[in-house]
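Computation of the quantities below employed the complete heavy-atom set of this structure, encompassing side-chain atoms and omitting hydrogens, waters and symmetry-equivalent molecules.
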Amino acid sequence: MRRRLPFSPWHLVLAPTAALMLLPLVWVLITSLQRPSDAVAFPPVLLPRALHWQNYPDAWRAAPFGRWFLNSTVVAVAAVLGNLTVGALAGYAFARIRFLGRGVLFVVLLATLMVPLQVLIIPTFIIVRLLGLVDTLPALIVPNLVTPFSIFLFRQFFRTLPVELEDAARIDGASRLTVLTRVVAPLSTPVLATVAVITFLWTWNDFLWPLIVISSDARMTVQLGLASFQGAHTTQWTLLMAGTAMSQVPVLALFFACQRWFVQSVALSGLK
């Protein structure tokens, strides 16, 4: 079969699976271009009779999307920078520095990945409240400054790099921090891109935590603000789907920009 087909036989399985996973996104795009009456029609209207592009500017004007986009960008960028900095430092320590209890501490760190997010919400909220950060953007940034997954990913990737390069730099008098910033970091573009994409995706699309700690419209993120299109009795489906489509543009753009390094990092870090 491999000789007969111009592609791998696995594509026969992967292509329908990819189409099935793309179906919700396609439905969002179709609904965002429909009239309100077509969006709630039954049976559903698969192809709109006319493309109503006006839904996008209407959604933008119906709510302070500009402010929400700015808030989400600030929170996501801060979380990405925090995970790249702290995650790289901690991952390098676990990968290269020998210290007492390193293995036990790493196992405990991995065990935190098994704890559901819902279990951590209450203690995290109590800490944020004691710090006086409720209903502020730092309440969204601080809990996401570093995650165990980013530390794990950095550690796994650093272990694949030749230690001889670092030894040569240490012989020349470089410190651990210099080795990390000038030798290891330039070779770690794949894992840096992967951590950036995953962190940005998680922070940008987070809804539950902002719903708990944010109460004012001026500090809402995009995902939390989209809920304002849903009322107790009616939902503006066309505007909601138009806003949802606009909210995914930054995430898709970042992923496609870093796709090559993302796939390379997954292959090299042993997660495949």
Side-chain angles (χ1 to χ4, degrees), residues 20-21 23-25 27-28 63 68-69 71-87 90-91 94 104-156 194-232 235 237 240-241 243-245 247-248 250-252 254-255 262 266 269 271:
L20 184 62
M21 297 182 68
L23 183 60
L25 181 59
W27 191 260
V28 167
W68 295 344
F69 265 89
N71 293 341
S72 293
T73 302
V74 171
V75 173
V77 171
V80 168
L81 294 178
N83 277 270
L84 292 181
T85 303
V86 182
F94 279 116
V104 176
L105 184 59
F106 186 70
V107 171
V108 173
L109 182 69
L110 292 181
T112 61
L113 294 174
M114 306 176 190
V115 181
L117 175 63
Q118 292 77 7
V119 177
L120 302 176
I121 286 180
I122 294 178
T124 304
F125 179 80
I126 294 175
I127 295 174
V128 169
R129 182 175 59 83
L130 293 177
L131 294 175
L133 300 178
V134 176
D135 198 23
T136 63
L137 292 184
L140 306 178
I141 296 174
V142 173
N144 295 315
L145 280 179
V146 63
T147 59
F149 182 76
S150 64
I151 298 175
F152 167 74
L153 201 60
F154 274 115
R155 186 253 189 186
Q156 294 300 103
T194 301
V195 172
V197 171
I198 293 177
T199 304
F200 190 92
L201 177 65
W202 167 258
T203 310
W204 184 273
N205 289 330
D206 191 14
F207 175 77
L208 182 58
W209 180 242
L211 179 64
I212 294 174
V213 297
I214 300 298
S215 58
S216 59
D217 294 340
R219 296 177 180 86
M220 285 185 177
T221 58
V222 172
Q223 305 304 328
L224 185 58
L226 288 174
S228 62
F229 290 110
Q230 295 180 285
T235 300
W237 290 110
L240 176 61
M241 295 306 171
T244 302
S247 69
Q248 297 308 306
V251 177
L252 294 175
L254 179 63
F255 175 77
F262 183 88
V266 172
S269 60
L271 292 182

**OP:** Could you please spell out the steps behind the side chain to side chain contact (heavy atoms under 4.5 Å, CB included) verdict for L145 and V86?
**Re:** CA-CA 8 Å; L145 280 179; V86 182; 5.8 Å; no
Subject >> Partners passing side-chain contact (heavy atoms from CB on, under 4.5 Å) against T199 (at least two apart in sequence or in another chain) >> reply: A79, V80, N83, V195, T203
Original post:
When rounded to the nearest 0.5 angstrom, what distance separates CE in M220 from CG in L211?
Top reply: 8.5 Å
Original post:
Once you round to the nearest 0.5 Å, how far does OG1 of T124 lie from CD1 of I212?
Top reply: 9.0 Å
Subject >> Where V128 and A139 come nearest, the two heavy atoms and their spacing >> reply: CG1-CB, 3.7 Å
Subject >> From CG (L130) to CZ (F125), nearest 0.5 Å >> reply: 10.0 Å
Original post:
Quick one: does S72's side chain have a donor or acceptor within less than 3.5 Å of a partner on V222's backbone?
Top reply: yes
Original post:
Checking side chain to side chain contact (heavy atoms under 4.5 Å, CB included) for the pair L254/W204: CA distance, chi angles, key distance, verdict?
Top reply: CA-CA 12 Å; L254 179 63; W204 184 273; over 6 Å; no
Subject >> Considering all heavy atoms, the nearest P143-P138 contact >> reply: CD-O, 4.1 Å
Subject >> Test item: L113 and L110 side chains (from C-beta on) under 4.5 Å apart, heavy atoms >> reply: yes
Original post:
Given side chains that start at C-beta, do those of T221 and I214 come closer than 4.5 Å, heavy atoms only?
Top reply: no
**OP:** Using a cut-off of 6.0 Å, state whether more than 12 heavy atoms not belonging to I122 lie near its atom CD1.
**Re:** no
Subject >> Heavy-atom side-chain proximity of W209 to L117 below 4.5 angstrom >> reply: no
Subject >> P250 versus F69, closest heavy-atom pair with distance >> reply: CG-CE2, 4.1 Å
**OP:** For T112 and L109, indicate whether the former's side chain and the latter's backbone hold a donor-acceptor pair under 3.5 Å.
**Re:** yes
Original post:
Say you draw a straight line from CH2 of W68 to OG1 of T73; how long is it, rounded to the nearest 0.5 Å?
Top reply: 14.0 Å
Subject >> Heavy-atom side-chain proximity of L226 to T244 below 4.5 angstrom >> reply: yes
Original post:
Where is the tightest heavy-atom contact between L208 and D206, given as atom of each residue plus distance?
Top reply: N-OD1, 3.6 Å
Original post:
Considering all heavy atoms of both residues, which atom of G87 and which atom of S150 are nearest to each other, and what is their separation?
Top reply: CA-OG, 4.3 Å
Subject >> Rounded distance [0.5 Å steps], CZ in R219 versus CG in N71 >> reply: 9.0 Å
Subject >> Euclidean distance, M241 CE relative to L25 CG, rounded to 0.5 Å >> reply: 11.0 Å
**OP:** Might you point out which heavy atoms bring F154 and G91 nearest each other, and give the distance in Å?
**Re:** CB-CA, 4.1 Å
